[in-house]
Amino acid sequence: MEFRDETFGYDLLRNDILKEVFGQEHDSILYWVGKALARKYPLHTIEETIDFFEKANWGTLSLVKEKKQERVFELRGEWMDKNDDRSYQLEAGFLAQQVETWLSSYTAATQTKKKGIIHIQVESDLHDTIEA
């Protein structure tokens, strides 16, 4: 077993301890925690969001597709290989809440993994607005 010194503690907490504590609810709890973190750390632009991901050591985020009601992000990190089994619901929830705040419309996100890259699809319902 290889331990990466700079991220071992974070990986241990994120990949092992939280799964033990939350059990089957792990993914859904991480999604809602991500939304709560976005409310605590409101960002105003895609660039700020990309920078936040870097500083939080969540990986390298990029916006690869943007439409009126949909955004698709890619998330990359050196740990994202075939053995990476972590959930990226925290990041998905964080992005969903940031976009929801920007657009004042209900927003949800889903994440998938393809070839070591995480794809996070964020969709907003522009007909279902949020009152400020």
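Throughout, residue positions are numbered sequentially from 1 according to the sequence presented. Below, all heavy atoms of this structure are taken into account, side chains as well, without hydrogens, waters or symmetry copies.
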Less than 4.5 Å apart, any side-chain heavy atom of [X] and any of [Y]?
X      : Y      : answer
Thr107 : Asp125 : no
Glu66  : Leu63  : yes
Gln97  : Arg39  : yes
Val99  : Ser124 : yes
Lys65  : Lys67  : yes
Leu103 : Arg71  : yes
Thr45  : Thr49  : no
Thr110 : Ile120 : no

Specify the closest pair of heavy atoms between [X] and [Y], including all atoms of both residues, with the distance to one decimal.
X      : Y     : value
Ala96  : Lys35 : CB-NZ, 4.3 Å
Ala109 : Ala92 : CB-O, 3.4 Å
Leu126 : Lys68 : CD1-CG, 3.5 Å

- Check whether the ring centres of Phe94 and Tyr41 lie less than 6.0 Å apart, and answer yes or no. no
- For residues Tyr88 and Trp58, establish whether the separation of their ring centroids is below 6.0 Å. no
Could you tell me whether a side-chain N or O of [X] sits under 3.5 Å from a main-chain N or O of [Y], the two making a donor and an acceptor?
X      : Y      : answer
Glu74  : Ile118 : no
Glu20  : Asp16  : no
Ser104 : Glu100 : no

Using only heavy-atom distances, determine whether the side chains of [X] and [Y] contain a donor-acceptor pair under 3.5 Å.
X      : Y      : result
Glu54  : Thr60  : yes
Glu123 : Gln121 : yes
Ser87  : Asp27  : yes

- Task: Given side-chain contact (heavy atoms from CB on, under 4.5 Å), test Leu95 with Phe53 step by step and report yes or no.
- Result: CA-CA 10 Å; Leu95 287 171; Phe53 270 67; 3.9 Å; yes
Quick one: [atom1] on [X] to [atom2] on [Y], what's the gap to the nearest 0.5 Å?
X      : Y      : atom1 : atom2 : answer
Leu13  : Lys19  : CG    : NZ    : 12.5 Å
His127 : Ser105 : NE2   : OG    : 9.0 Å
Leu90  : Ile29  : CG    : CD1   : 12.0 Å

- Using the side-chain contact (heavy atoms from CB on, under 4.5 Å) rule, take Ile117 and Leu75 through it: C-alpha gap first, then chi angles, then the decisive distance, then the call. CA-CA 6 Å; Ile117 301 169; Leu75 183 60; over 6 Å; no
- Query: Between Leu61 and Phe52, is there a shared hydrophobic cluster once you connect ILVMFWY residues whose side-chain heavy atoms come closer than 4.5 Å?
  - Reply: yes
- Would you say Ile17 and Tyr31 are hydrophobically clustered, going by side-chain heavy atoms of ILVMFWY under 4.5 Å? no
- Message: Using side-chain contact (heavy atoms from CB on, under 4.5 Å), reason through Ile50 and Phe73 one step at a time and then give a plain yes or no.
- Response: CA-CA 10 Å; Ile50 289 169; Phe73 295 89; over 6 Å; no
- Evaluate the side-chain hydrogen bond (donor to acceptor under 3.5 Å, both in side chains) criterion for residues Ser28 and Gln89: first the C-alpha distance (whole Å), next the side-chain angles of each, then the deciding distance (0.1 Å), finally the verdict. CA-CA 7 Å; Ser28 60; Gln89 289 295 88; over 6 Å; no
- Task: Applying side-chain contact (heavy atoms from CB on, under 4.5 Å), run through His119 and Lys113 and close with a yes or a no.
- Result: CA-CA 6 Å; His119 298 268; Lys113 182 178 178 184; over 6 Å; no
